[in-house]
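Please read all numbers here as calculations on a predicted model, not as lab measurements.
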Amino acid sequence: MCGMASAESTQASVHEREPVRPTKEDEVAAAGSELIGGPLGRRALLGSSWWSPVRVIALVAIGMFALGLVQKAPCYDGAWFFGASSQYTHACYSDIPHLYQGRGFADGLVPYFDRLPGDMQYLEYPVLTGVFMEVASWLTPGSGTIQYQEQWYWMVNAGMLMVCAAVIVVCVTRTHARRPWDGLLVALAPAAALTATINWDLLAVALTAAAMLMWSRGRSLAFGVLLGLATAAKLYPFLLLGPLMVLCWRAGRWREFGKALGGAIVAWVVVNGPVMLFAFEGWSKFYTFSQERGVDFGSFWLIMAQNSDDPLSTDTVNTLATLLMLVCCAAVAALALIAPRRPRFAQLAFLIVAAFILTNKVYSPQYVLWLVPLAALARPKWRDFLIWQGCEVAYFLGIWLYLAYTTSGDAHKGLPTDGYHWAIGLHLLGTLYLCVMVVRDIFMPDRDPVRRSGDDDPSGGVLDGAEDVFVLGPARPKRHMADARFDGPPVEWGRPGPTGGSL
């Protein structure tokens, strides 16, 4: 009996080391592979070439990033500087060149410490993003016309953001070791290429992707430090600590969560502490601006406001949005504790960030970057990913055409308000669709592409294959029978634990 168990364990280990071929499991990937010669054959020599998956995917990502730069060419050549609406009709708007002068970088002002002359008294970005912006200004020539300097500033930032994009795809590719080609979802995401240089969000996304990689390798302290740095660049990454806490609660991994939480707090304080102490008013501008900002683009709150004779006040929207987000957090926590099999970390991370996006009072088009790596890890299915991306591309075009309509005067060139509301609805429905698919995977592991391949939670680190110690749902069966409507093998429920029992 023991000998047989050892043999089975050995076979399982060998099987787990085999890479997953998406063209074998995903019909869309198989169809798309016809462009490069068709699906990979069973006699292919894997790993025998310099062209490893991570190198191929990184080059593809850089190529897509370059196409995104080309898409901004009409603005670079003049639309940023001449004409009120041309940067919108060409769908090539970017905050970066406008804020070079608008936030004092052209005049050598120090972010957070020096007061700005315009309506915005201080830089309204988190500290690490402010540092990124400042470093780019140091690399920008200080001579020539202001247009020439702003063009250079955008190019310098684009180069730095391209490094962030490469880091993201490398981290996603390495997070699920047996599924490296899932990184192509990130590399080829059209909405990511279109929005990569609108703002500086890629910095926080890269740090978050690196944190996810560290957690998958069992390095909880490194995960916490990177997540703290990501939160110092953008607010949303701290949300990942909530799902992680609940998963560690279910698995009894409090020590690892404590190290992650401690690392995140220390890293955030190290970055923010000096600015908070010596320039508190400037440091706090990001938080007060977020609180005082009214209902804005991309949210269902905007649809309500523009269709109401008595729109809600900003304070009321803040309260309701916070309550909705808390309800979503409670739902994600309940899902983590009642699911018959512990959800994967990437699944809950995607759901919590998506909930923040759906309930927030503003949705800028570049916020899609927050979800792209998490979506590739949570639901690596090309059909669903492309449906969602199609909705996001439609919203990307919708917002610029709407702004073209509102800035073109009596000409009204672009998309009217009602049309823009449909674009917002498409974005919301696309995100909700992907959320529904992820929730279905949690309750029906046979439909989860990752677990169908024989893995438990490859992005879960210490959670991968761990036994549960606290579950609110019914007793866990030893094996989940495959859905009768689903053509695939049944998914095993966990792995042998320390006591030799099955999860």
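When each of D464, D468, D457 is tested with R342 by the rule salt bridge (charged side-chain N to carboxylate O under 4.0 Å, His left out), just one qualifies, namely D468. For the ring pair (Phe, Tyr, Trp, His ring centres under 6.0 Å) with W80, the qualifying choice from Y93, Y153, W154 is W154, the only one to do so.
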* Let me see the working for W382 and L184 under side-chain contact (heavy atoms from CB on, under 4.5 Å), right down to the final yes or no. => CA-CA 10 Å; W382 278 94; L184 273 178; 3.9 Å; yes
* To do: Go through the steps to decide whether V225 and V266 satisfy the test side-chain contact (heavy atoms from CB on, under 4.5 Å), and finish with yes or no.
  => CA-CA 7 Å; V225 169; V266 170; over 6 Å; no
* To do: Apply side-chain hydrogen bond (donor to acceptor under 3.5 Å, both in side chains) to R178 and S453, showing your working.
  => CA-CA 9 Å; R178 293 186 58 236; S453 303; 5.3 Å; no
* To do: Step by step, work out the side-chain contact (heavy atoms from CB on, under 4.5 Å) result for Y88 and L415.
  => CA-CA 11 Å; Y88 303 133; L415 193 66; over 6 Å; no
* To do: Test Y367 against N360 for side-chain hydrogen bond (donor to acceptor under 3.5 Å, both in side chains), laying out the working first.
  => CA-CA 11 Å; Y367 289 1; N360 201 13; 5.4 Å; no
* Mind running salt bridge (charged side-chain N to carboxylate O under 4.0 Å, His left out) on R451 and D456 for me, showing each step along the way? => CA-CA 6 Å; R451 284 180 163 159; D456 178 40; 3.2 Å; yes
* To do: Could you check K381 against D384 for salt bridge (charged side-chain N to carboxylate O under 4.0 Å, His left out), going step by step and ending with a plain yes or no?
  => CA-CA 6 Å; K381 193 74 172 176; D384 298 330; over 6 Å; no
* **side-chain contact (heavy atoms from CB on, under 4.5 Å) evaluation trace for V172 with L377** => CA-CA 7 Å; V172 171; L377 296 172; 4.0 Å; yes
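A378 and A346 get closest at one heavy-atom pair: CB-O, 3.6 Å. I352 and M325 get closest at one heavy-atom pair: O-CE, 3.6 Å. Pairing each heavy atom of A165 with each of F65, the nearest pair is CB-CD1, 3.9 Å. Heavy-atom minimum distance, A349 versus L374: O-CD1, 3.8 Å. D441 approaches R447 most closely through the heavy-atom pair OD1-O, 3.1 Å. Across L161 and A196, no two heavy atoms sit closer than the pair CD1-O, 3.7 Å.
Checked by atom type and distance alone, the side chain of Q366 never pairs as donor or acceptor with a backbone atom of T195 at under 3.5 Å. Side chain of Y420 to backbone of G298: a donor-acceptor contact under 3.5 angstrom is found. Judged by distance alone, with hydrogens and angles left aside, the side-chain atoms of Q71 form a donor-acceptor pair with the main-chain N or O of A91 at under 3.5 Å. A donor-acceptor contact shorter than 3.5 Å is absent between the side chain of S220 and the backbone of F257. At least one donor-acceptor pair closer than 3.5 Å links the side chain of R179 to the backbone N or O of P449. Side-chain atoms of S299 come within 3.5 Å of backbone N or O of K361 as a donor-acceptor pair. With hydrogens and angles ignored, the 3.5 Å screen pairs no side-chain donor or acceptor of K259 with any backbone N or O of G224.
Ring orientation note: the planes of Y363 and Y395 are tilted relative to one another, at an angle of 30° to 60°. Classification of the F297-Y402 ring pair by plane angle, with boundaries at 30° and 60°, yields perpendicular. Ring geometry for W388 versus F350: interplanar angle over 60°, hence perpendicular rather than tilted (30 to 60°). Using bins of under 30°, 30° to 60° and over 60° for the plane-to-plane angle, the ring pair F223/F345 lands in the perpendicular bin.
Rounding to the nearest 0.5 angstrom, the gap separating the CG atom in L202 from the CG atom in L369 is 5.0 Å. Residue L463 holds its CG atom at 5.0 Å from SG of C248, rounded to the nearest 0.5 Å. One distance of note links CG of L429 with CG of L434; it measures 13.0 Å at 0.5 Å rounding. Rounded to the nearest 0.5 angstrom, S94 OG and W200 CH2 are separated by 7.0 Å. Here CG of L261 is found 11.5 Å from CG of L221. Values are rounded to the nearest 0.5 Å. The CG atom of N199 sits 7.5 Å away from atom OG of S364, with the distance rounded to the nearest 0.5 Å.
In this structure, L207 and L128 have side chains that are in contact, with non-hydrogen atoms separated by less than 4.5 Å. With contacts defined as side-chain heavy-atom distances shorter than 4.5 Å, the pair V462/W215 qualifies. Two residues are said to be in side-chain contact when any heavy atoms from C-beta on lie closer than 4.5 Å; V156 and Y100 fail this criterion. Two residues are said to be in side-chain contact when any heavy atoms from C-beta on lie closer than 4.5 Å; L240 and M212 meet this criterion. Contact check for E134 versus S137: side-chain heavy atoms found under the 4.5 Å cut-off. Side chains of N157 and F132 form a contact here, defined as non-hydrogen atoms less than 4.5 Å apart. Side-chain atoms of C328 and T359, non-hydrogen and from C-beta on, do get closer than 4.5 Å to each other. Between P237 and T231, the closest side-chain pair of non-hydrogen atoms falls below 4.5 Å.
The neighbour count for R255 CZ, taken as heavy atoms of other residues, nucleotides or ligands under 6.0 Å away, does not exceed 12. By the 6.0 Å contact criterion, CH2 on W152 is open, its count of non-hydrogen atoms from other residues, nucleotides or ligands being 12 or less.
In summary, R344 and D448 engage in a salt bridge, as defined by a charged side-chain N under 4.0 Å from a carboxylate O.
Every salt bridge (charged side-chain N to carboxylate O under 4.0 Å, His left out) that D296 has, sequence neighbours left out, goes to R293.
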